[in-house]
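Encoded as structure tokens, here's the structure I'll be asking about.
Basis for what follows: all heavy atoms, side chains included, without hydrogens, waters or symmetry-related copies.
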Amino acid sequence: MPIFMDRHDVAEEVTAAIVAEIHLEDLRIQHKYCCKGLTYWYDDQRKTAFCLIEAPNKEAITEMHAEAHGEVPNTIIEVDASIVESFLGRIEDPSKSQKKELNIVNSPAFRILTVIKLAVDGIAISPTNNLFEKIKDIIADYKGRLINNEDNYLLISNTSTTKSINALLAIKKAFFVSKEDTKQLCIGVSAGVPVTKEHGFFEETIKTTRRLSNISRGQIVITSEVKELYESENQNLKLSDTAIKTLPFQEEQFLNSVMNFLDREWQNPDLGVENFCSNLGLSTSQLYRKTKSILHTSTNNLIQEYRLENAVKLLYKKEKTISEIAFETGFNSAAYFTKCFHKMYGISPSSFIKKA
């Protein structure tokens, strides 16, 4: 049967003990709905609870919760158990809570996520074995979990903001000590919960984190929430502005608005500045000023760079012709695609395929 994770936004007066009792009530009647409650996470600070349940469908989960205690979920999504475990560290109740007596589990699902990319001449690449091993060791030293080292980026999950930031500072130090001069570390840090709305597991946080890494320009770029969490954990100790850049919340919102629109429309060959202006409710000059300030490029360049980055992924696969890739990524001709590709990466698409 599929596995689902649901989200409950609970009232201020709800405690970890109450959530433990609710979980126990689910377990008592779950057989009636062909469900199996695997585990849950509760965050008393944010007043959220997330249940991991094996069930035939979403409706069965809602009906089980309704009969057991009346606390129906705000949102339910289907998940992969192995991915849940990689982010959150477990997919079943801690051993003590499997006993019949009530066991209170106050374990938040909130995580600090980090994306680390390496680039050579603007092209994201997988890290060298030597550097990758250094990064893995540092991540482990600071209790981080390496989630993904594919698709040319590393994704890391951590429960502690302080450990996340300190690990990144250590990684940057090791990076520069190794004198990998031709490479660039691109690092973004964000934070969030596994289920927000009808989105995938940690989907919104991962998107934000990757986008922050794309605008890092050699710094560690973090959200304002991560900054506040770090300073709260460290008695208001300020972060270094030299190594770490905090993106204000309004700029984070703009970044995500622009990129969400680009995610939807980038293959449209007619996509231009006017489409962004209309969608975002900005004038041409406002859009240019904001895009240049936050994303360090113009809107037209952003569109082209985004298309070329996706073209690189397709070229790596070697499954389609250059012409097919050109039209699939929104270019009007293979010749213009080749010209833009060479201008950005200093190599033709055909030569790139041979080297890939």
> Passes side chain to side chain contact (heavy atoms under 4.5 Å, CB included), I353 versus I322? Steps please.
Replying inline: CA-CA 9 Å; I353 289 174; I322 292 173; 4.0 Å; yes
> Between F352 and Y345, is the ring centre distance below 6.0 Å?
Replying inline: no
>> Assigning hydrophobic clusters by single linkage (Ile, Leu, Val, Met, Phe, Trp, Tyr; side-chain heavy-atom cutoff under 4.5 Å), is M344 placed with Y336?
In response: yes
> Below 4.5 Å, heavy atoms only, C-beta onward: do P108 and Q45 meet side chain to side chain?
Replying inline: no
>> Please find the pair of heavy atoms, one from R7 and one from T48, that lie closest to each other, and give the distance.
In response: NH2-CG2, 3.7 Å
>> I'd like to check R210 versus I206 (side-chain heavy atoms, cut-off strictly below 4.5 Å). Are they in contact?
In response: yes
> Of the non-hydrogen atoms in L88 and R111, which two are nearest, and what is the gap between them?
Replying inline: O-NH2, 3.3 Å
> Is a side-chain N or O of E251 found less than 3.5 angstrom from the main chain of P248, in a donor-acceptor match?
Replying inline: no
>> Side chains of T321 and S323 only: does a donor on one sit below 3.5 Å from an acceptor on the other?
In response: no
>> Please give me the minimum heavy-atom distance between A334 and F327, naming the atom from each residue.
In response: N-CZ, 4.5 Å
> Any side-chain donor-acceptor pair under 3.5 Å between T162 and N234?
Replying inline: yes
> Within the side chain of S293, is there an N or O that forms a donor-acceptor pair under 3.5 Å with the backbone of R289?
Replying inline: no
> After noting the C-alpha distance and the side-chain angles of E252 and T223, does the key distance pass the side-chain hydrogen bond (donor to acceptor under 3.5 Å, both in side chains) rule?
Replying inline: CA-CA 7 Å; E252 179 190 337; T223 62; 4.7 Å; no
> Would you say the side chain of F341 lies within less than 4.5 Å of the side chain of I347, judging by non-hydrogen atoms?
Replying inline: yes
> Is there a donor-acceptor contact under 3.5 Å from the side chain of N106 to the main chain of A16?
Replying inline: no
>> Would the distance check show the side chain of T291 and the main-chain N or O of Y288 forming a donor-acceptor pair, the cut-off being under 3.5 Å?
In response: no
>> With a 3.5 Å distance limit and no angle check, can you tell me whether E231 reaches the backbone of K238 through a side-chain donor-acceptor pair?
In response: no
>> Can you tell me how far apart NZ (K47) and CG (D44) are? Round to the nearest 0.5 Å.
In response: 4.0 Å
> Any Lys/Arg nitrogen of E204 or K207 sitting under 4.0 Å from an Asp/Glu carboxylate oxygen of the other?
Replying inline: no
> How far does CZ of F249 sit from CD of E228, to the nearest 0.5 angstrom?
Replying inline: 10.5 Å
>> For K143, is the NZ atom crowded, meaning more than 12 foreign heavy atoms sit under 6.0 Å from it?
In response: no
>> Would you say that more than 12 heavy atoms from the other residues, nucleotides or ligands in this model lie under 6.0 Å from the NZ of K163, or not?
In response: no
>> Is there a side chain to side chain contact (heavy atoms under 4.5 Å, CB included) between S107 and R90? Walk through the geometry before answering.
In response: CA-CA 11 Å; S107 174; R90 59 183 171 87; 3.6 Å; yes
> How long is the span from the CD1 atom in I325 to the CG atom in L315, to the nearest 0.5 Å?
Replying inline: 4.0 Å
> Considering only heavy atoms from C-beta outward, does the side chain of L169 approach that of I244 to under 4.5 Å?
Replying inline: yes
>> Could you tell me if R46 sits above the aromatic ring of F110, with its cationic atom closer than 6.0 Å to the ring centre and no more than 45 degrees from the axis?
In response: yes
>> Applying a strict under-4.5 Å side-chain criterion to I, L, V, M, F, W and Y, I'd like to know whether L27 and V72 cluster together.
In response: no
> Counting N and O atoms only, with roles assigned by atom type, does the side chain of N275 sit under 3.5 Å from a partner on the main chain of G272, one being a donor and the other an acceptor?
Replying inline: yes
> Is there a donor-acceptor contact under 3.5 Å from the side chain of E25 to the main chain of H69?
Replying inline: no
>> Just by distance, no angles: are the side chains of S298 and N300 close enough, under 3.5 Å, to form a donor-acceptor pair?
In response: no
>> For V189 and I112: C-alpha separation, side-chain torsions, deciding distance, then whether side chain to side chain contact (heavy atoms under 4.5 Å, CB included) applies.
In response: CA-CA 7 Å; V189 189; I112 312 300; 3.6 Å; yes
> Taking atom CD of E274 and atom OG1 of T299, what is their separation to the nearest 0.5 Å?
Replying inline: 10.5 Å
> In the hydrophobic clustering that connects Ile, Leu, Val, Met, Phe, Trp and Tyr at side-chain heavy-atom distances below 4.5 Å, which members other than I76 occupy its cluster, ordered by chain and number?
Replying inline: F4, I29, Y33, I53, I61, M64
>> Once you measure the plane-to-plane angle for F202 and F87, does it fall in the parallel (<30°), tilted (30-60°) or perpendicular (>60°) bin?
In response: parallel
> Heavy atoms, side chains only, cut-off 4.5 Å: are L185 and K172 in contact?
Replying inline: yes
> Taking all non-hydrogen atoms of both residues, which atom of P2 and which atom of P56 are closest, and how far apart?
Replying inline: CG-O, 4.0 Å
>> Is there a path of hydrophobic side-chain contacts, each under 4.5 Å between heavy atoms, that joins L314 and Y316?
In response: yes
> Can you name the nearest heavy-atom pair linking S213 to K117, along with the distance?
Replying inline: OG-CE, 3.6 Å
> Are any non-hydrogen side-chain atoms of H65 and C51 less than 4.5 angstrom apart?
Replying inline: yes
>> Ignoring hydrogens, what is the shortest heavy-atom contact between I91 and L38? Give both atom names and the distance.
In response: O-CB, 3.3 Å
>> Looking at Q250, I'd like to know if its CD atom is crowded, meaning that more than 12 non-hydrogen atoms belonging to other residues, nucleotides or ligands lie closer than 6.0 Å.
In response: no
> Say you draw a straight line from OG of S164 to CD1 of I139; how long is it, rounded to the nearest 0.5 Å?
Replying inline: 10.0 Å
>> Less than 4.5 Å apart, side chain to side chain, heavy atoms only: is that true for Y142 and L168?
In response: no
> Would a 4.5 Å heavy-atom cut-off, applied to side chains only, mark I222 and L239 as touching?
Replying inline: yes
> Given the rule in the side chain to side chain contact (heavy atoms under 4.5 Å, CB included) test, do N260 and R211 qualify, once you have shown the distances and angles that lead to the verdict?
Replying inline: CA-CA 10 Å; N260 285 340; R211 290 164 180 172; 2.9 Å; yes
> With clusters built from Ile, Leu, Val, Met, Phe, Trp and Tyr whose side-chain heavy atoms come within less than 4.5 Å, directly or transitively, what are the remaining members of the cluster of F261, listed by chain and number?
Replying inline: L212, I215, V221, L247, F254, L255, V258, M259, L262, W266, L271, V273, F276, L280, L282, L287, I294, L295, L302, I303, Y306
> Under 3.5 Å, is there a donor-acceptor pair linking the side chains of T39 and D93?
Replying inline: yes
>> Distance check, rounded to the nearest 0.5 Å: K136 atom NZ versus I171 atom CD1?
In response: 13.0 Å
> Which pairs pass salt bridge (Lys or Arg N to Asp or Glu O under 4.0 Å) with one or both residues in residues 329-346, sequence neighbours excluded?
Replying inline: none
